[in-house]
Each structure stands twice: as structure tokens, then as C-alpha cells.
Chemist: 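Okay, here's the structure, questions in a sec.
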Amino acid sequence: MRGILTAPFTSLLAIPAVAGEATVSIDIPRLNVAEYHRPYVAFWIESKDGSKISNLAVWYDTKQKANEGTKWLKDMRQWWRRTGQELTLPMDGLSSPTRQPGTHQFKLDAGAKPLNELSPGDYTLIVEAAREVGGRELLRIPFQWPPKAAQVLEAKGEHEISGISLSLAP
């Protein structure tokens with residue numbers, strides 16, 4: 001259904017009066033460790049020169065009392081330094097609970113924010129994950145908006161994220 005997300009994301013990429021869709025998929029691995037914690041994950045888009053940042057979602061422990069889960073957000077170092085520390089969380093359309101191991105997708109409609117605010121050009125989807133008693137990982141997928149043809153772009157992870165993909169449709 002257009003405009004409805006299958007995971008807590010707002011929009012990814014768009015321009016007013018330009019049709020298009022973007023679907024982000026992330027595969028969170030089940031790690032064989034003594035003390036497993038679900039990863040915190042941040043999704044955002046940067047312009048090619050890094051000057052424009054559009055947050056898409058941040059998954060963290062939203063169920064702790066007094067918003068205690070936010071204190072670990074700084075472990076997603078790149079996201080925290082670039083934009084996270086400026087946000088007041090929880091934030092509607094951005095904050096949501098962590099996810100269990102498996103594949104999770106969300107669809108972004110070009111007519112919704114932040115896609116409808118992007119000018120044509122080169123961008124990078126960035127996904128960063130950090131896990132308590134674990135590691136951290138950052139994956140990047142460069143892309144052009146709006147897409148001229150349907151395409152699927154991928155990045156493979158090594159530890160905290162098995163992989164991410166960005167499916168674009170004109």
C-alpha cells in the first residue's frame with residue numbers, strides 16, 4: 001500500500017511531482033554469543049558532499065522507563081555525531097523498537113518526506129548498527145535520485161548487519 005510503511009520509516013527519496021519508490025531491506029543476523037542483545041540501528045541519507053542529512057529511522061530500546069534507552073544511542077558513533085545528538089527522541093515517524101534477527105523491509109513513497117525534499121542528484125543511504133556487549137557496523141549505498149530505471153543496490157556486512165539493499169523504482 002502506497003504511503004504505508006512495513007517498518008517504522010517515513011520516506012526515503014523523492015521530488016515534488018516525481019513518481020518513484022524506494023524500499024530498504026536489512027538483514028539482522030542471529031549471533032551465537034552468550035549474551036545476545038538486539039542491535040540499535042540508524043538509517044539516514046546524506047548528499048554526496050555530506051551537507052544534507054535526512055533521518056529515516058532509528059531503532060532502539062523504546063520500552064525502558066524514563067527514556068533510558070536513548071543513553072546507548074551514542075554507540076552509533078557516525079549517526080550520533082552527524083545528527084543524532086541534535087534530536088529529541090522519541091520522535092514520531094523516526095523512533096521505533098529494535099528488531100529481532102531476520103530480514104526487515106520498509107517502503108518509502110517519493111511523495112512523502114524526506115524524499116519529496118531531495119533535489120535530483122547523488123546521495124548515500126547509510127545504515128549504522130551497534131549492539132550492547134557487541135560491535136558496531138556502518139554500511140553505505142550510493143545512489144542517484146530520482147532513479148532513471150528500476151534497480152537494486154546492495155551492501156554486505158560482516159558482523160552486526162548481514163546486508164542491506166535499496167530497491168529503487170522510477
Chemist: I need the Phe106 CZ to Ser25 OG distance, nearest 0.5 Å.
Modeler: 9.0 Å
Chemist: Give me the atom names and distance for the closest heavy-atom approach of Leu166 to Ala22.
Modeler: CD1-CB, 4.1 Å
Chemist: If we only count heavy atoms from C-beta on, is the Leu125 to Leu56 side-chain gap below 4.5 Å?
Modeler: yes
Chemist: Would you mind reporting whether Val58 and Met76 have side-chain heavy atoms less than 4.5 Å apart?
Modeler: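 They are in contact (side-chain heavy atoms under 4.5 Å apart), so the answer is yes.
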Chemist: Look up atom CG in Leu108 and atom OG in Ser167, then write down how far apart they are to the nearest 0.5 Å.
Modeler: 10.5 Å
Chemist: If two hydrophobic side chains count as joined below 4.5 Å and joins carry through other members, does Trp59 share a cluster with Leu31?
Modeler: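 Trp59 clusters together with Leu31.
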Chemist: Taking C-beta and beyond as the side chain, do Pro101 and Tyr36 meet within less than 4.5 Å on heavy atoms?
Modeler: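 Sidechains of Tyr36 and Pro101: in contact.
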Chemist: In this structure, would Val152 and Phe143 fall into the same cluster of hydrophobic residues linked by side-chain contacts under 4.5 Å?
Modeler: no
Chemist: Can you check whether Gln78's main-chain N or O pairs, donor with acceptor, with Glu128's side chain at less than 3.5 Å?
Modeler: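 Side chain of Glu128 to backbone of Gln78: a pair is present.
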Chemist: Rounded at 0.5 Å granularity, tell me how far OG1 in Thr98 sits from CD1 in Ile28.
Modeler: 8.0 Å
Chemist: Does Arg82 use its side chain to pair, donor to acceptor, with the backbone of Gly50 at less than 3.5 Å?
Modeler: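 Answer holds: yes.
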Chemist: So which atom in Pro147 and which in Pro170 form the shortest heavy-atom distance, rounded to 0.1 Å?
Modeler: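 Closest approach of Pro147 to Pro170, heavy atoms only: O-CB, 3.5 Å.
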Chemist: To the nearest 0.5 Å, how far apart are CG in Asp61 and NE2 in His37?
Modeler: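 Answer rounded to 0.5 Å: 10.5 Å.
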Chemist: For Ala129 and Val41, work out which heavy atoms get closest and say how close.
Modeler: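 Closest approach of Ala129 to Val41, heavy atoms only: CB-CG2, 4.0 Å.
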Chemist: Given Phe43, which partner from the list Val24, Leu94, Ile126 fulfils the side chain to side chain contact (heavy atoms under 4.5 Å, CB included) test?
Modeler: Val24
Chemist: Using 0.5 Å steps for rounding, measure from the CG atom of Leu168 to the NZ atom of Lys148.
Modeler: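 The distance works out to 11.5 Å.
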Chemist: Do the non-hydrogen side-chain atoms of Asp122 and Pro142 ever get within less than 4.5 Å of each other?
Modeler: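 Not touching, per the 4.5 Å side-chain cut-off.
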Chemist: How many angstroms lie between atom CG of Asn55 and atom CG of Leu87, to the nearest 0.5 angstrom?
Modeler: 5.0 Å
Chemist: List the atom of Ile164, the atom of Val127, and the distance in Å for their closest heavy-atom pair.
Modeler: CD1-CG2, 3.7 Å
Chemist: Would you find a donor on one side and an acceptor on the other, under 3.5 Å apart, between the side chain of Glu160 and the backbone of Gly135?
Modeler: yes
Chemist: Sub-3.5 Å donor-acceptor pair from the side chain of Glu137 to the main-chain atoms of Ile161, do we have one?
Modeler: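 Such a contact is found between Glu137 side chain and Ile161 backbone.
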Chemist: Is there a side-chain contact between Asp75 and Tyr40 (heavy atoms, below 4.5 Å)?
Modeler: no
Chemist: Any side-chain heavy atom of Leu73 within less than 4.5 Å of one from Trp79?
Modeler: yes
